[in-house]
2 protein chains.
Amino acid sequence: MPRLTIGDLAKATGTKVETIRYYERIGLLPEPGRTGSNYRSYDEEHLGRLSFVRRARDLGFSLDQVRELLGLADQTDRSCEAVDAIARQHLTEVERKIVDLTALRDELAEVIERCNHGTVAECRIIAALAPVPAG
Amino acid sequence: MPRLTIGDLAKATGTKVETIRYYERIGLLPEPGRTGSNYRSYDEEHLGRLSFVRRARDLGFSLDQVRELLGLADQTDRSCEAVDAIARQHLTEVERKIVDLTALRDELAEVIERCNHGTVAECRIIAALAPVPAG
DNA sequence: CTTGACCCTCTAGTGACTACAGGGTGCATA
DNA sequence: TATGCACCCTGTAGTCACTAGAGGGTCAAG
Ligand SMILES: [Zn+2]
Ligand SMILES: [Zn+2]
Ligand SMILES: [Zn+2]
Ligand SMILES: [Zn+2]
């Protein structure tokens, strides 16, 4: 069972060293052992846990959600209902964001479309932002 | 020309009082005059400027972009090229975000789909997060 | 024996607010 | 006149998920 430095762990998971220390500080990762010179010393289990965190983060889960998911993942013989619930809730949030951003994109595109590249005074983009344009 | 309190301005623009003070603090809004009892006192021009800021924020522009847009909006006889550039760049960012979120949504939906509601040990959602699931 | 890459802790910065704490002001009402 | 309440003030600290830096210690190679 090979021991890993924080740098090894960072490389293996595509995480910055500072981020790993941050995860430890907020209690998302367990405190690892230390070498004689006070270096953090990790094993395969730490690697697995950090990979889990990173994968969940890549899927857009918040750190609080990740924390819950980690806790649930350890209780292997319970029903996965709670896991489902977290994932579905997150999916709903993502879908809502897409709807919002799409509406935003359409509005932005429309505003930009109307610009006829004259002076700022005539600019429809500025007009779209200014309330009750003088006149 | 009626004078407005910060609360009036907040109500008129749908902004929180604290946010207006924050905008003033970071130099996005000019410091207004004060009454004898040191209350901020605004006029129609302040109202217009804050409305501009809020509208631009609603369209997703960053405060730095809003600052630039405000600066440009005052130079009425210049070409609106720079305004266009900011708006188009923002549109591009929004479009990229939509693409990213859509990919994320698909991946999430796929992961959730595969769950067959058993124990955590069997859960495909957890499996999708865990690296090299034991076995 | 020095260079450079790594490691350590602690603090502060990011964006765009938001939420107090601890006070002052202005107006209506009992 | 007192008192309550809504509003205003300043200043600081918290949010989220990191990221960057200061100021130092450790280790292997040349
Ligand atoms: Zn144009
Ligand atoms: Zn234009
Ligand atoms: Zn399920
Ligand atoms: Zn499941």
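Side chains included, hydrogens not; waters and symmetry mates left out as well; all remaining heavy atoms used. Residue numbers start from 1 in every chain, and the chains themselves are labelled A, B, ... in the order their sequence lines are given, proteins ahead of strands.
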Query raised in the report: Rounded to whole angstroms, how far apart are CG on A:L9 and P on C:dC8?
Result: 11 Å
Query - Atom-pair distance (CD on B:E24; P on C:dA16), nearest Å - result: 18 Å
Query raised in the report: Which letter, B, S or -, goes with each nucleotide of nucleotides 17-28 of chain C from 5' to 3', with contact meaning a protein heavy atom under 4.0 Å?
Result: BBS----BBS--
**Report entry** Sugar-phosphate only, base, or nothing, as touched by A:I6 at under 4.0 Å among non-hydrogen atoms
**Finding:** sugar-phosphate
Query raised in the report: Under 4.0 Å between a side-chain N/O of A:R40 and OP1 or OP2 of C:dC7, yes or no?
Result: no
Taking only residues two or more places apart in sequence, or in another chain, which ones meet [X] in a side-chain hydrogen bond (donor to acceptor under 3.5 Å, both in side chains)?
X      : result
A:D106 : none
A:T102 : none
B:Y39  : none

Would you be so kind as to tabulate the donor-acceptor pairs closer than 3.5 Å made by side chains of residues 19-33 of chain B, with sequence neighbours excluded?
{"residue": "B:Y23", "atom": "OH", "partner": "B:R54", "partner atom": "NH1", "Å": "2.9"}
{"residue": "B:E24", "atom": "OE1", "partner": "B:R40", "partner atom": "NE", "Å": "2.7"}

Requested in this report: Between A:S41 and B:S62, name the one whose nearest nucleotide on DNA chain C is closer to the 5' end.
Outcome: A:S41
Report summary line: Sequence neighbours excluded, the answer for side-chain contact (heavy atoms from CB on, under 4.5 Å) partners of B:T5 is B:D8
For [X], salt bridge (charged side-chain N to carboxylate O under 4.0 Å, His left out) partners two or more places apart:
X     : result
A:R57 : none
B:D58 : none
A:R78 : none

For a quick test of your reading: what N or O donor-acceptor pairs under 3.5 Å do the side chains of residues 94-101 of chain A make, sequence neighbours left out?
{"residue": "A:R96", "atom": "NH1", "partner": "A:D100", "partner atom": "OD2", "Å": "3.4"}

Report task. Take the C1' atoms of the five end pairs on each side of the helix from C:dC1-D:dG30 to C:dA30-D:dT1, get both axes, and report the angle to 10 degrees. Result -> 30°
Query raised in the report: Side chain of A:Q65, backbone of A:S62: donor and acceptor closer than 3.5 Å?
Result: yes
Report task. Kindly determine whether A:C123 and A:T119 satisfy side-chain contact (heavy atoms from CB on, under 4.5 Å), including the steps that lead there. Result -> CA-CA 6 Å; A:C123 183; A:T119 65; over 6 Å; no
Query raised in the report: When you list every nucleotide of DNA chain D with an atom under 4.0 Å from a heavy atom of chain A, which one comes first 5' to 3', and which comes last?
Result: D:dA17 to D:dC27
